[in-house]
Structures are given as C-alpha cells and as structure tokens.
Undergrad: 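Have a look at this one before I ask anything.
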Amino acid sequence: MKKSLVLISIFVCCVLISTLTFAANPDKIKVGILLPLTGTFAAVAETQRDGALLAVDVINKRGGLNMPWGKVAVQGVVYDD
C-alpha cells in the first residue's frame, strides 16, 4: 500500500512539473460555435452565428483577451451540429 502511494505521488508530481514546464502560452484562443446550420432552425442559427462572430470581432478590436502572458486574440470556429 505504501509503495503504491509513493508511486502515485511521484507520478502526480511528474505530471504537474511537465505541465508547468511545457505549457505553451498561446497567441490565439479558439472558441467553438456549435449551431444548427442546416435543417429547421437554420435561419435562426445564421443570426446567432453572426452575433457570436461579431462578439469575437469586438473582443479582437479591443486588443484581445488579457492573459497573464499578454494579449491573446480570439478565433471563432463555427460548426454545424
């Protein structure tokens, strides 16, 4: 029991260290926009898509998101559900 607890704690420490060491600070964040672009609700989804992309444009025109490593741009990715 003690041996397995030590191994698990070593594993957790290694994962944390590798995450903190190799974590990249992205210069762009992708935001998924999932809408019914085909089918019955396609007309409503077009308006929602335009609104979501407009919000992304407004955020990017303000300089992007404030992150600890600096400003980050937002990219909207639209998919049909």
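For the single chain, residues carry numbers from 1 onward in sequence order. What you see below is based on every heavy atom in this structure, not just the backbone, and it leaves out hydrogens, waters and symmetry mates. Given the structure is predicted, the values throughout are model-derived calculations rather than measurements.
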Undergrad: Indicate the atoms forming the closest heavy-atom contact of Ala45 with Leu35, along with that distance.
TA: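 Answer, listing the atom of Ala45 first, then Leu35: O-CD1, 3.5 Å.
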Undergrad: Among all residues two or more places apart in sequence or in another chain, which pass the side chain to side chain donor-acceptor pair (under 3.5 Å) test with Asp80?
TA: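 With sequence neighbours excluded, Asp80 shows a side chain to side chain donor-acceptor pair (under 3.5 Å) to Thr38, given in chain and number order.
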Undergrad: Can you tell me how far apart CD (Gln75) and NZ (Lys28) are? Round to the nearest 0.5 Å.
TA: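 Rounded to the nearest 0.5 Å, the CD-NZ separation comes to 4.5 Å.
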Undergrad: Mind listing the side-chain donor-acceptor pairs of residues 54-73 below 3.5 Å, one per line with the distance, residues two or more places apart or on another chain?
TA:
unit_1: Asn60; atom_1: OD1; unit_2: Val74; atom_2: N; d: 2.8
unit_1: Asn60; atom_1: ND2; unit_2: Val56; atom_2: O; d: 3.4
unit_1: Asn60; atom_1: ND2; unit_2: Val74; atom_2: O; d: 2.7
unit_1: Asn66; atom_1: OD1; unit_2: Lys71; atom_2: NZ; d: 2.7
unit_1: Trp69; atom_1: NE1; unit_2: Pro26; atom_2: O; d: 3.0

Undergrad: How is the hydrophobic cluster of Tyr79 composed, in terms of its other members, when Ile, Leu, Val, Met, Phe, Trp and Tyr link through side-chain heavy atoms under 4.5 Å apart, directly or indirectly?
TA: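 In the cluster with Tyr79 are Leu34, Val77.
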Undergrad: Thr47: what forms a side chain to side chain donor-acceptor pair (under 3.5 Å) with it, not counting sequence neighbours?
TA: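 If we apply the side chain to side chain donor-acceptor pair (under 3.5 Å) test to Thr47, skipping adjacent residues, there are no hits.
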Undergrad: With sequence neighbours excluded, what pairs up with Asp50 under the side chain to side chain donor-acceptor pair (under 3.5 Å) test?
TA: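 With neighbours one apart ignored, the set is empty.
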Undergrad: After noting the C-alpha distance and the side-chain angles of Leu37 and Val78, does the key distance pass the side-chain contact (heavy atoms from CB on, under 4.5 Å) rule?
TA: CA-CA 9 Å; Leu37 299 175; Val78 180; 3.8 Å; yes
Undergrad: I'd like to check the side chain to side chain contact (heavy atoms under 4.5 Å, CB included) partners of Glu46; sequence neighbours left out, ordered by chain and number.
TA: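 Glu46: side chain to side chain contact (heavy atoms under 4.5 Å, CB included) contacts with Arg49.
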